[in-house]
Each structure stands twice: as C-alpha cells, then as structure tokens.
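In what follows, a structure is listed as structure tokens, so that the remarks can point back to it.
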Amino acid sequence: IFKLWSWKNPPALINCYGPELNESYIHRAVDYWAIREEHISFIESNPPRSVCKDSFIEGFIILRKATKNDISDTALAVTKRKMHLGKLKSAEIYFRPGTYNLDYIIEHELGHAFGYTHLEEEGHIMHPIYNKMGPKFWIP
C-alpha cells in the first residue's frame with residue numbers, strides 16, 4: 001500500500017525551522033501537493049517560540065531543524081508521525097541544516113506527512129534515494 005494514513009481534516013503547517021527556511025520553499029511544496037488533492041489549512045511562518053517547544057501538536061505538521069539526536073547520519077530529512085485508528089494526528093519534519101533548499105526535499109517529506117510511503121520508481125517524488133527522486137507523482 002502506497003498511502004497508509006490520511007488526515008481527517010487538512011492540517012496546519014508551522015515553520016519552526018526558522019526564518020532561513022524561506023516561505024517560497026514552503027509554498028512551492030504545498031502547491032505541489034494541492035494539485036494532487038492534499039491540502040494544508042494554513043501556514044504559520046513566524047510562530048511564537050512557545051509553540052515550537054511543543055512536540056506533536058494535534059492537527060499540525062511542524063517543520064524543524066534537526067539536531068544529532070533527531071536524524072540518522074545518512075538522512076537529509078526525516079518525518080515522524082502520530083496516528084490513531086488509521087488517521088494522522090500530527091507530524092514533525094526534521095531537516096538536516098541547509099537541506100530544505102534541495103530540489104523536492106520538502107515535497108518528499110510533506111508526502112510522508114500526508115501518509116505516503118516510499119516508492120522505488122526512479123523519478124518519483126517518494127523515491128527513498130535522493131539522487132533517484134524527481135518531480136513525478138503517480139499512484140501504483
């Protein structure tokens with residue numbers, strides 16, 4: 001199964017990575033998924049620090065800058081999800097510092113936050129190997 005989970009309602013997206021993760025990168029990734037019927041309710045680019053200290057806020061996807069403890073040595077980014085009865089409740093995306101600006105990396109990780117798994121088809125946005133990832137999307 002390529003899509004294992006879904007949201008009951010469109011989640012909000014919070015940029016807790018920081019101001020260097022430019023809004024244009026976020027909007028590009030959100031637009032990529034919007035034409036594929038995956039939606040975000042709103043984007044908060046300048047959240048209060050108190051919000052960014054919390055983990056797994058229900059109804060939200062949070063973008064974060066990874067530390068050593070958040071991500072493996074070989075990963076560019078990782079998405080962690082919380083589910084209940086097959087429905088996504090919250091997600092956090094951790095980017096290795098600076099990797100958010102790589103082509104398709106935010107789109108790929110948002111795909112995980114929307115419930116998609118990896119697909120080993122060269123050129124597919126959800127390919128697990130960055131060098132084989134591309135802009136294409138199809139459901140097998």
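FYI, the numbering just counts along the sequence from 1.
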Which residues share a salt bridge (charged side-chain N to carboxylate O under 4.0 Å, His left out) with Arg64, sequence neighbours left out
Glu92
Trp7-Phe137 co-clustered via ILVMFWY side chain contacts under 4.5 Å:
yes
Between Ile57 and Ile62, what is the shortest heavy-atom contact and its length?
CD1-CD1, 3.9 Å
Any non-hydrogen side-chain atom of Asn15 less than 4.5 Å from a side-chain atom of Ile43?
no
Residue pairs, two or more places apart or on separate chains, that pass disulfide bond (SG atoms under 2.5 Å apart) and touch residues 103-140
none
With rounding to the nearest 0.5 angstrom, report the CG to CE distance, Leu102 to Met133.
9.0 Å
Is there a donor-acceptor contact under 3.5 Å from the side chain of Thr117 to the main chain of Phe2?
yes
For Ser72, which residues count as a side chain to side chain contact (heavy atoms under 4.5 Å, CB included) partner, sequence neighbours excluded?
Thr74, Ala75
For Gly111 versus Trp33, what's the shortest heavy-atom pair and its separation?
CA-CZ2, 3.4 Å
Any heavy-atom pair between the side chains of Phe114 and Thr79 that's under 4.5 Å?
no
What's the separation between atom OG1 in Thr99 and atom CG in Leu21, rounded to the nearest 0.5 Å?
9.0 Å
Show the numbers, then the answer: is there a side chain to side chain donor-acceptor pair (under 3.5 Å) between Thr67 and Asn69?
CA-CA 5 Å; Thr67 65; Asn69 298 328; 4.8 Å; no
Decide if the gap between the ring center of Tyr116 and the ring center of His124 is smaller than 6.0 angstrom.
no
Residue pair Ile106 / Ile93, side-chain heavy-atom distance below 4.5 Å
no
With the side chain counted from C-beta on, respond yes when Tyr104 and Tyr32 share a heavy-atom pair under 4.5 Å apart, and no when they do not.
no
Once salt bridge (charged side-chain N to carboxylate O under 4.0 Å, His left out) is applied, what residue pairs with a partner in residues 32-44 remain, sequence neighbours excluded?
Lys3-Glu38
Qualifying disulfide bond (SG atoms under 2.5 Å apart) pairs, either residue in residues 64-95, two or more places apart
none
With ring-ring contact (aromatic ring centres under 6.0 Å, His included) as the rule and sequence neighbours excluded, what pairs involving residues 83-103 come up?
Tyr17-Tyr100, Tyr25-Tyr100
Scan residues 5-28 for pairs that pass salt bridge (charged side-chain N to carboxylate O under 4.0 Å, His left out), counting only residues two or more places apart or in two chains.
Glu20-Lys65, Arg28-Glu107
If you define the side chain from C-beta out and look only at heavy atoms, does anything of Leu88 sit under 4.5 Å from Pro11?
no
Filter on disulfide bond (SG atoms under 2.5 Å apart), then keep only pairs touching residues 19-84, sequence neighbours left out; what's left?
Cys16-Cys52
For His127, ring pair (Phe, Tyr, Trp, His ring centres under 6.0 Å) partners two or more places apart:
none
Cluster overlap Phe42 with Ile61, hydrophobic side-chain contacts below 4.5 Å
no
If you look at every heavy atom in His39 and Pro10, which pair is closest and at what distance?
O-CB, 3.4 Å
In Å and rounded to the nearest 0.5 Å, what is the NE2 to NE2 distance from His118 to His112?
3.0 Å
According to disulfide bond (SG atoms under 2.5 Å apart), does anything in residues 96-140 pair up with another residue at least two apart or in another chain? List the pairs.
none
Determine, using the 4.5 Å side-chain heavy-atom cutoff (strictly less than), whether Ile71 and Leu110 are members of one ILVMFWY cluster.
no
With sequence neighbours excluded, residues passing side chain to side chain contact (heavy atoms under 4.5 Å, CB included) with Pro48:
Ser50, Val51
Quick check against the 3.5 Å criterion: does Arg81 have a side-chain atom that pairs as donor or acceptor with the backbone of Gly115?
no
Distance (rounded to the nearest 0.5 Å) between His27 NE2 and Ile40 CD1
11.0 Å
Starting from Ile125, can I reach Leu4 by hopping between I/L/V/M/F/W/Y residues whose side chains sit under 4.5 Å apart?
yes
Should Ile105 and Leu13 be counted in the same cluster of Ile, Leu, Val, Met, Phe, Trp and Tyr side chains packed under 4.5 Å apart?
yes
Sort and list the pairs that fulfil side chain to side chain donor-acceptor pair (under 3.5 Å) and have at least one residue in residues 129-140, not counting sequence neighbours.
none
